[in-house]
Amino acid sequence: MTPVLNENFGTHKYNQILTTGKDSSSISKIYDLKNRLYSQTTEKYNEELGYNEAIISKYDTLQNLISSEIKNVDNGSFVRVFLDEEKVVSRLEYISGQDYKFYLADSETPLIESKKDPMQLQTNYEMSEYHRFLAQNLKYPQQARDRREMGTVILKLDVNEAGEVVEISCLNEDDLYKPLIKEAIRVVEAYNPSFIAPIDMHGNKTTSMVRVPIGFKLS
């Protein structure tokens, strides 16, 4: 088993077993630390359709199948079906270069059509505007400058169903000088970012979190 790090927090949360076939096909199985299967991905070349294909299955902690996806690895197109007690609840479709379409149950009329994945948290601001605000308003604490304290503050923003930030906390506070953390939180609170909340498999807006790095470096 190979350790897999949680992409949001950098902690060891999963283990992976990767099997490769002679025909260049592969099967990746990811388990949580209680050895419960979290996901299985089978990749192979689809000779009939002429593209590299991935079949991705995800499971809950009781090992029930909760989603199944067929993906064109070459262009990113996919169909993802969500299940509850083996019944189809919804599906998300994406064809390369077109909109994302979200359907409930077996409906043929999409509930949502969007340029971006509606099941992923989206920023409700321009990143260039955000970086310009940081450049103009982030202040290096004098006591940190005097002590030549540096580092990257990793903030966790908890976002509600309306896309509002309801709490800001630091994920690596034990590794950093406290005035750096305080300034990072201050400047993000001052910017007051808003988001477009993601939907769940039932099409309802849901809470989420986002990781925001704020770097402090002296020349």
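On a predicted model such as this, the values are computed, not experimentally measured, just so you know. Residue indices begin at 1 and follow the sequence shown.
For D175, there are no side-chain hydrogen bond (donor to acceptor under 3.5 Å, both in side chains) partners, not counting sequence neighbours. Qualifying side-chain hydrogen bond (donor to acceptor under 3.5 Å, both in side chains) partners for D117, counting only residues two or more places apart in sequence or in other chains: none. Residues meeting the side chain to side chain contact (heavy atoms under 4.5 Å, CB included) test with S194, sequence neighbours left out: N124. With sequence neighbours excluded, the residues forming a salt bridge (Lys or Arg N to Asp or Glu O under 4.0 Å) with E149 are R147, listed by chain and number. Residues meeting the salt bridge (Lys or Arg N to Asp or Glu O under 4.0 Å) test with E161, sequence neighbours left out: none. In this structure, the side-chain hydrogen bond (donor to acceptor under 3.5 Å, both in side chains) partners of D146, at least two apart in sequence or on a different chain, are Q142.
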Kindly determine whether D99 and K101 satisfy salt bridge (Lys or Arg N to Asp or Glu O under 4.0 Å), including the steps that lead there.
-> CA-CA 6 Å; D99 290 349; K101 296 181 180 181; over 6 Å; no

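Contacts classified as salt bridge (Lys or Arg N to Asp or Glu O under 4.0 Å) and involving residues 34-58 (residues at least two apart or in different chains) are given here: D32-R36. Under the ring-ring contact (aromatic ring centres under 6.0 Å, His included) criterion, no residue pair touches residues 151-177, with sequence neighbours excluded. Screening residues 197-216 for ring-ring contact (aromatic ring centres under 6.0 Å, His included), with sequence neighbours left out, gives Y140-F216. Applying the ring-ring contact (aromatic ring centres under 6.0 Å, His included) rule to pairs touching residues 146-171 yields nothing, sequence neighbours excluded.
Put simply, CD on E164 and CG on L157 are 13.0 Å apart, with the number rounded to the nearest 0.5 Å. Rounded to the nearest 0.5 angstrom, N46 CG and I55 CD1 are separated by 8.5 Å. Here N72 contributes atom CG and Y51 contributes atom OH; the two are 5.5 Å apart, rounded to the nearest 0.5 Å. Considering CE of M209 and OG of S169, their distance stands at 8.0 Å, rounded to 0.5 Å. Between L65 atom CG and D84 atom CG the span is 11.0 Å, to the nearest 0.5 Å. Note: I30 CD1 to T41 OG1 = 6.5 Å, rounded to the nearest 0.5 Å.
Heavy-atom neighbours of K182 NZ from other residues, nucleotides or ligands within 6.0 Å: at or below the threshold of 12.
Side-chain contact between E173 and L180: absent, with no pair of heavy atoms (C-beta onward) separated by less than 4.5 Å. Taking the side chain as every heavy atom from C-beta outward, I214 and L134 approach each other to under 4.5 Å.
The hydrophobic cluster containing L62, built from Ile/Leu/Val/Met/Phe/Trp/Tyr side-chain heavy atoms closer than 4.5 Å, comprises no other residue. Cluster note: F82 groups with F78, V89, L92, Y94, Y100, F102, L104, L111, I112, M119, I199, M201 through ILVMFWY side-chain heavy atoms spaced under 4.5 Å, whether in direct contact or through intervening members.
By the rule that hydrophobic residues join a cluster once side-chain heavy atoms approach within less than 4.5 Å of another member, I66 and Y59 end up as members of separate clusters. Connection of I154 to I181 is not established within any shared hydrophobic cluster, with ILVMFWY side chains joined at heavy-atom distances below 4.5 Å, either directly or through further cluster members. In the hydrophobic cluster analysis, where Ile, Leu, Val, Met, Phe, Trp and Tyr join through side-chain heavy atoms closer than 4.5 angstrom, L138 is grouped together with V165.
In this structure, E183 pairs ionically with R186, as a charged nitrogen and a carboxylate oxygen lie closer than 4.0 Å.
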